[in-house]
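Source: prediction; values computed, not measured. Reminder, nothing fancy here: chain letters follow the sequence lines and each chain counts from 1.
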Number of protein chains: 2
Amino acid sequence: MKKAEATRLMILQKAFELIYVNGYQTTSIDHIIATTQVTKGAFYYHFKTKDEMGLAIINDILKPNLTSSFIEPLQKGLDPLDAIYNLMHHLLMENEFLKVEYGCPVANFTQEMTPWNAEFSKVLDELTQQWTQVLTATIEKGKENGSIRKDVNAKQVTLFVMSGYWGIRNYGKLENSKKVYMPYLKELRRYLDSLK
Amino acid sequence: MKKAEATRLMILQKAFELIYVNGYQTTSIDHIIATTQVTKGAFYYHFKTKDEMGLAIINDILKPNLTSSFIEPLQKGLDPLDAIYNLMHHLLMENEFLKVEYGCPVANFTQEMTPWNAEFSKVLDELTQQWTQVLTATIEKGKENGSIRKDVNAKQVTLFVMSGYWGIRNYGKLENSKKVYMPYLKELRRYLDSLK
DNA sequence: CATAAAAGATACTGCTTAGTATTTTTACAA
DNA sequence: TTGTAAAAATACTAAGCAGTATCTTTTATG
């Protein structure tokens, strides 16, 4: 990797951290360049505007992470319901990229940037769509192999599960404790079992 | 009501609207006083700081609204599961205080102000606690009168339902359409029925 | 090694921000 | 009616903001 490319990525990573903790609007470029030890000239060499950087964070940091943390675990050929539960358990309890006190980065971005920035909404929606599609496919697979009842509506379940995830992350943020994750996961397990 | 009191309330109401639409950080005091047609002197007569105003919005605007929209509907003595479903349906589809494109004001505040402002976290947590307590009590009532299975964990269900609500509001914001509310509500109904 | 382009550094601009100091107007009780 | 405190208006400050213009250094390539 070229040095310039490394600088760019380093800016994105540290900027992401700052934004994950403090929000997009409140994270100033001055704050970013102070943290990254990169000058303003360097910053604006790599990004035309702050928003361009924000979009790059979503595309170059969040998207790859979503793939490895949210999507690939579903494609391991486990029993579908187990796969979904294990995914959620891992995301909430073990994943070290995601911190309880800062919530879900995608949900944070969505809440902050939507509806007044169409560009952000678009890429965030793409991100979300990816996840919902894989979740829906996982459930359909379960219907085919008989582990999930045929009358279950896969898209409906996906929406229900995904909403719960976004919501519990926000609640965890409020309580600043993973404690709330446990009863949530227990009920999720019960709910998933009701689809058998 | 005294005139000064009316001014104060008017500032709070219009400021709430602006914040609900644009977020707390991005809503400037200059913007608020331009919208309210109140001068800076008047604003700072009523509120020492911006944060004091923000907290007043939660206490004087959101709290009463929460009581009438989120809590009282549960206390009408309906069948508990119907009461919960009807509440959600009303909140998502009919309530005119809440707009799909702007999400849930409490969730918005939580995401934006937590964890870096303990004061906000505290009052938001109080607000949320109120709702969860009434939801839990409603489910317990159902267990007592036999309409809900005895092995159901009321607190667990409450957390699950509340998370789904917060999440679907965020998703509605992203999609900018109430369409996503319908499959969510359908699955919620199925889920609630599974508690019978 | 020369050179041109890529990458980064520095100093600045114009604007917005929350908050303040000071003055003026309004409401109401004596 | 008048005195006084509540309420509101005006003009300001210092700091922070995104972004720009200009200059210097580094890197790759002939």
Side-chain angles (χ1 to χ4, degrees), chain A residues 1-60 108-109 112-113 116-120 123, chain B residues 1-60 108-109 112-113 116-120 123:
Chain A
M1 179 163 48
K2 279 193 197 157
K3 203 190 161 210
E5 190 61 22
T7 304
R8 190 189 124 99
L9 207 66
M10 185 265 281
I11 294 173
L12 287 180
Q13 267 156 354
K14 298 220 171 176
F16 164 75
E17 279 298 325
L18 289 172
I19 290 166
Y20 185 29
V21 174
N22 302 306
Y24 181 78
Q25 314 278 356
T26 36
T27 301
S28 70
I29 288 169
D30 285 346
H31 194 176
I32 293 169
I33 65 176
T35 307
T36 53
Q37 304 267 54
V38 150
T39 60
K40 205 158 246 194
F43 180 92
Y44 277 98
Y45 173 78
H46 289 287
F47 310 102
K48 267 218 286 289
T49 63
K50 186 188 179 183
D51 280 3
E52 189 178 299
M53 180 211 63
L55 293 168
I57 286 177
I58 298 175
N59 284 316
D60 301 354
N108 290 359
F109 261 120
E112 197 174 348
M113 308 309 278
W116 63 270
N117 189 311
E119 197 70 58
F120 273 79
V123 295
Chain B
M1 180 164 47
K2 279 197 200 150
K3 203 190 160 210
E5 191 60 23
T7 304
R8 189 190 125 100
L9 208 65
M10 186 265 281
I11 295 173
L12 288 180
Q13 266 155 353
K14 298 221 169 172
F16 164 75
E17 280 297 325
L18 289 172
I19 290 167
Y20 184 29
V21 173
N22 303 305
Y24 181 78
Q25 314 279 357
T26 36
T27 301
S28 70
I29 288 168
D30 285 346
H31 194 177
I32 293 169
I33 66 178
T35 306
T36 52
Q37 304 267 56
V38 149
T39 61
K40 205 157 247 194
F43 180 92
Y44 278 99
Y45 173 77
H46 289 287
F47 311 102
K48 267 219 284 291
T49 62
K50 187 187 179 185
D51 280 3
E52 190 179 298
M53 181 212 62
L55 292 168
I57 286 177
I58 298 175
N59 284 315
D60 300 355
N108 291 357
F109 260 121
E112 199 175 346
M113 307 309 280
W116 62 269
N117 190 309
E119 197 69 56
F120 273 80
V123 295

Asks: Once you round it to whole Å, what is the distance between P of D:dG19 and CE of A:M53?
Replies: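 Checked: the CE to P distance equals 10 Å.
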Asks: Are the side chains of A:E112 and A:F120 in touch, meaning some heavy atoms are under 4.5 Å apart?
Replies: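 Result no, sub-4.5 Å side-chain heavy-atom pair not found.
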Asks: For the helix from C:dC1-D:dG30 to C:dA30-D:dT1, measure the angle between the helix axis at one end and the axis at the other, each built from five pairs, rounding to 10°.
Replies: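 Overall, the helix from C:dC1-D:dG30 to C:dA30-D:dT1 bends by 10° from one end axis to the other.
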Asks: How close or far is atom C1' of D:dG16 from atom CD1 of A:I32, stated in whole angstroms?
Replies: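 Interatomic distance, CD1 of A:I32 to C1' of D:dG16: 14 Å.
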Asks: Between P on D:dG16 and CD1 on A:I33, what's the gap in Å once rounded to a whole number?
Replies: 13 Å
Asks: Under 4.0 Å from OP1 or OP2 of D:dA8: is there any side-chain N or O of B:T7 that close?
Replies: yes
Asks: So, does A:S28 get its side chain near the phosphate of D:dC17, meaning an N or O under 4.0 Å from OP1 or OP2?
Replies: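 For A:S28, the contact criterion (side-chain N or O under 4.0 Å from OP1 or OP2 of D:dC17) is met.
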Asks: Report yes if the side chains of A:V38 and A:K14 come closer than 4.5 Å at any heavy-atom pair, otherwise no.
Replies: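 No, side chains not in contact.
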Asks: When rounded to the nearest 0.5 angstrom, what distance separates NE2 in B:H46 from CD in B:E5?
Replies: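 So the NE2 of B:H46 and the CD of B:E5 are separated by 8.5 Å.
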Asks: Please examine the side chains of A:I32 and A:M53, heavy atoms only from C-beta on, and report whether any two atoms are closer than 4.5 Å.
Replies: yes
Asks: Using a cutoff of under 3.5 Å, can you pull out all pairs of nitrogen or oxygen atoms linking the protein to nucleotides 19-26 of chain C, with atom names and distances?
Replies:
{"residue": "C:dG19", "atom": "OP2", "partner": "B:Y44", "partner atom": "OH", "Å": "3.4"}
{"residue": "C:dG19", "atom": "OP2", "partner": "B:K50", "partner atom": "N", "Å": "2.9"}
{"residue": "C:dG19", "atom": "N7", "partner": "B:K40", "partner atom": "NZ", "Å": "3.4"}
{"residue": "C:dG19", "atom": "O6", "partner": "B:K40", "partner atom": "NZ", "Å": "2.9"}

Asks: Quick one: list whatever passes salt bridge (charged side-chain N to carboxylate O under 4.0 Å, His left out) with B:D51, sequence neighbours left out.
Replies: none
Asks: Check the surroundings of atom CD in A:E119: do more than 12 heavy atoms from other residues, nucleotides or ligands lie under 6.0 Å from it?
Replies: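 Not buried by this count: 12 neighbours or fewer within 6.0 Å.
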Asks: With under 30° as parallel and over 60° as perpendicular, where do the rings of B:F47 and B:F43 fit, or are they tilted in between?
Replies: tilted
Asks: Nearest whole Å is fine: how far is C:dG8 P from A:Q37 CD?
Replies: 14 Å
Asks: Whole-Å distance between C:dA18 C1' and B:H31 NE2?
Replies: 16 Å
Asks: Whole angstrom is fine here: how far is it from OH in A:Y45 over to C1' in D:dT25?
Replies: 13 Å
Asks: Take the protein atom CZ of A:F43 and the nucleotide atom C1' of D:dT20, then report the distance between them rounded to whole Å.
Replies: 14 Å
Asks: Atom CD of A:E52 to atom P of D:dA18: distance rounded to whole Å?
Replies: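 Atom CD in A:E52 sits about 15 Å away from atom P in D:dA18.
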